[in-house]
Every structure is written in structure tokens, then in C-alpha cells.
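The next block holds one structure in the form of C-alpha cells; read it before the comments.
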Amino acid sequence: KGYFQGALCLDECFMCEVSLLDLVGKIALSGAQILLSGDDAQLPPIGNFWHGVPPPAFLDSDLMKELAPVRIELTVCKRSDASLHWFNTLCRSSTLETMMVEARRSFQCQGDPDICLTLDNRRRQEINKLTNERLAPPGSQLLQAEDGPILLYQGTPLIGTKIQPPILNAVWYDAERIQGNHLYLKDDRGDEVVVSLEKAATCLTLRHAMTVHKSQSRTLQGHVRICPGARPGHVAPHWSLNHLLVAASRATTLANLSME
């Protein structure tokens, strides 16, 4: 009594903090069946420590061997086309220098991007602000949000930054209208969400750009621009092959990608 006895499926397991994996290990002690799925090339959690020490890679850890002694590797890609799958596969064995040259050669989508994937929050905020100011029609209402000012108009693309019901972290929203002191939204399932403007300022931000970390687990339609540094043409010192792989693999085709 009081112990979980069923089957537990943990998706995106390589993105889980070690404290959560510790809880899963304790659940397994009660005889529960554990099914883990994920991509070991995904970016690990930020600030992932166990009693002040960074844990070993989960894929090769003793915990993985205990929780999932049977391993099945999926080899068919259903998100992207063959050319993008080829690029993503090369990222697992080539050097960053080689793959950045290939990315700048191959990612040639033209025009304004539908979304930008950045390495850090400063560049994300810059792109969001500039794009919002360019697209907002006259008469848009200014919302002084915690993450930066937002000009609200019908169709403003937003994303939740924290859980403050009815707003949920990482869920996408589109602004519908402002009525009184309330903002009416549609979430990514098409359901209407109503939130006060005061609360919206604390838990919503623009989504013209998002960090590579935040984009994990999403499939992005349309033109995706990858921004590996602080400005066009710049590559930050801590930009890695994993960042490039995760960013590129959010798109569905090589033709939808471009590099800043």
C-alpha cells in the first residue's frame, strides 16, 4: 500500500534532472516497470548536480543499466526529410568546425524566419523585441512583461515562461483580443485561455525567438533560423555540436533552415 505497482513511461529522459531520475529509481524498487525514451544527443538540464557533483552521462550510468537493461535503438527518422537526417547523423561523428561550415553552406532558406533559435537569453530578447516592434500594427497595446515589453495585437505569438494557471510553462499561445483588464488567448490545442493583464506580464513572453534549450522536444514548422552567437556571423565559445544538432533537428526539412 502506498507504492506504485504499474508501468511508468518517462519520455525525454536525457533532459531530466538527476533529482527526478533518483525518484524514478526509488519507484523502480517497488517492482514497477520502467520504460525510458529519448535522444542521448539532447542538451542536458542546466545546473544538473547531485550533492554538488555533476552526475555521469545517464546513458552509460549504472542507474540506466538497472532501470532499463533492455535497449532498443530506433533508426528510422519520421520528423525530417532524408537530407536533414543526413546532416543530423553527421553531427554525431564530425567536428563542430566541419559541421558549422556545412550548415552555412546548406542552410539557405531566404526571407524572414518564422522562429529563431538562440544560444542565450540576451540574443533571444533582442530578436523578440525587434521583431515585435516591426510586426505590431499602430494601436497595439503595450504590456510591460517581466521578460521585456510586448506590443499586443491579434495574433501576437507568445509562450508561457512559468506555471501560473491558466498559463503553463512552455505552452504556445496566440493573442486573440484584450477586453478590459483581461487578455484572451488561444493555446496550441486551440482552446481559449483568459488571463488578467497583470498575471500575463509575469508569465508570458514573445516567441519570435527561443533558446535552443527551450526548443527541445518541439517540431518547428516553417523557416527556422539558428543563431549561434550574440550577433549575425558570430559563434559563441560555448556553442557546441549538441546545440547545432538540437537546433537543426527541430525543423522538418533542410530547405527550412538558415544560419544567422
Side-chain angles (χ1 to χ4, degrees), residues 43 100 103-104 106-162 167-178 183-190 193 195 197 199-236 239 243-244 246-260:
L43 297 167
M100 285 297 291
R104 295 200 182 279
S106 302
F107 300 171
Q108 294 293 327
C109 190
Q110 300 299 309
D112 293 326
D114 293 289
I115 192 164
C116 294
L117 299 181
T118 69
L119 180 62
D120 58 50
N121 278 311
R122 178 177 294 181
R123 185 63 181 139
R124 173 188 62 80
Q125 290 172 324
E126 289 174 350
I127 293 172
N128 274 331
K129 182 175 184 295
L130 291 172
T131 307
N132 181 233
E133 290 174 347
R134 175 171 58 85
L135 295 179
S140 299
Q141 182 164 334
L142 177 64
L143 178 70
Q144 291 289 359
E146 287 184 357
D147 190 56
I150 301 173
L151 290 170
L152 290 170
Y153 57 91
Q154 186 176 17
T156 307
L158 304 166
I159 186 172
T161 58
K162 61 185 75 169
I167 301 301
L168 299 176
N169 184 39
V171 171
W172 287 22
Y173 302 92
D174 290 312
E176 291 287 302
R177 67 187 186 278
I178 297 173
L183 175 62
Y184 287 72
L185 308 163
K186 282 288 181 67
D187 65 18
D188 46 19
R189 297 185 304 177
V193 177
V195 61
L197 289 171
K199 179 177 283 189
T202 67
C203 57
L204 288 171
T205 191
L206 293 160
R207 71 162 197 275
H208 299 295
M210 61 195 308
T211 62
V212 176
H213 259 98
K214 192 84 168 183
S215 74
Q216 292 186 112
S217 80
R218 282 200 171 270
T219 298
L220 301 176
Q221 304 296 332
H223 181 181
V224 179
R225 177 166 292 165
I226 300 174
C227 308
R231 59 191 178 276
H234 176 251
V235 178
W239 178 257
H243 286 102
L244 179 60
V246 170
S249 62
R250 299 309 94 200
T252 56
T253 174
L254 200 75
N256 282 355
L257 287 162
S258 67
M259 295 291 292
E260 185 177 58

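Source: prediction; values computed, not measured.
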Enumerate the residue pairs fulfilling salt bridge (Lys or Arg N to Asp or Glu O under 4.0 Å) with a member in residues 248-260, sequence neighbours excluded, ordered by first and then second residue. R123-E260

Given C227, which of I127, L119, V235 fulfils the side chain to side chain contact (heavy atoms under 4.5 Å, CB included) condition? I127

If you round to the nearest 0.5 Å, how far is [atom2] of [Y] from [atom1] of [X]?
| X | Y | atom1 | atom2 | value |
| --- | --- | --- | --- | --- |
| Q125 | T211 | CD | OG1 | 11.0 Å |
| L130 | L206 | CG | CG | 11.0 Å |
| M100 | R104 | CE | CZ | 4.5 Å |
| R218 | I115 | CZ | CD1 | 8.0 Å |
| L117 | H213 | CG | NE2 | 12.5 Å |
| H208 | T118 | NE2 | OG1 | 13.5 Å |

Sequence neighbours excluded and cut-off under 3.5 Å, please list the side-chain donor-acceptor pairs for residues 152-159, or say none.
{"residue": "T156", "atom": "OG1", "partner": "Y153", "partner atom": "N", "Å": "2.8"}
{"residue": "T156", "atom": "OG1", "partner": "Y153", "partner atom": "O", "Å": "2.7"}

So, does [X] use its side chain to make a donor-acceptor pair with the main chain of [Y] at under 3.5 Å?
| X | Y | value |
| --- | --- | --- |
| H234 | A230 | yes |
| N128 | A209 | yes |
| Q216 | V246 | no |

Just grab all the side-chain hydrogen bond (donor to acceptor under 3.5 Å, both in side chains) pairs involving residues 131-140, residues at least two apart or on different chains. D112-R134, K129-E133

Residue pairs passing the side-chain hydrogen bond (donor to acceptor under 3.5 Å, both in side chains) test where at least one lies in residues 221-232, sequence neighbours excluded: H223-S258, R225-S258

Can you name the closest pair of heavy atoms from [X] and [Y] and give their distance?
| X | Y | result |
| --- | --- | --- |
| L183 | A200 | CD2-CB, 4.1 Å |
| F107 | L254 | CE2-CD1, 3.3 Å |
| M259 | P228 | CE-CG, 4.1 Å |
| L244 | A103 | CD1-CB, 4.3 Å |
| L204 | A145 | O-CB, 3.9 Å |
| I167 | Y173 | CA-OH, 3.5 Å |

Non-neighbouring partners of [X] that pass salt bridge (charged side-chain N to carboxylate O under 4.0 Å, His left out), sequence neighbours left out:
| X | value |
| --- | --- |
| E176 | none |
| R124 | D147 |
| D120 | none |
| K162 | E146 |

[X]: which residues meet the side-chain contact (heavy atoms from CB on, under 4.5 Å) condition with it, sequence neighbours left out?
| X | value |
| --- | --- |
| T253 | D81, A255, N256 |
| T161 | C203, T205 |
| R177 | Q179, Y184, E192 |
| Q108 | Q110 |

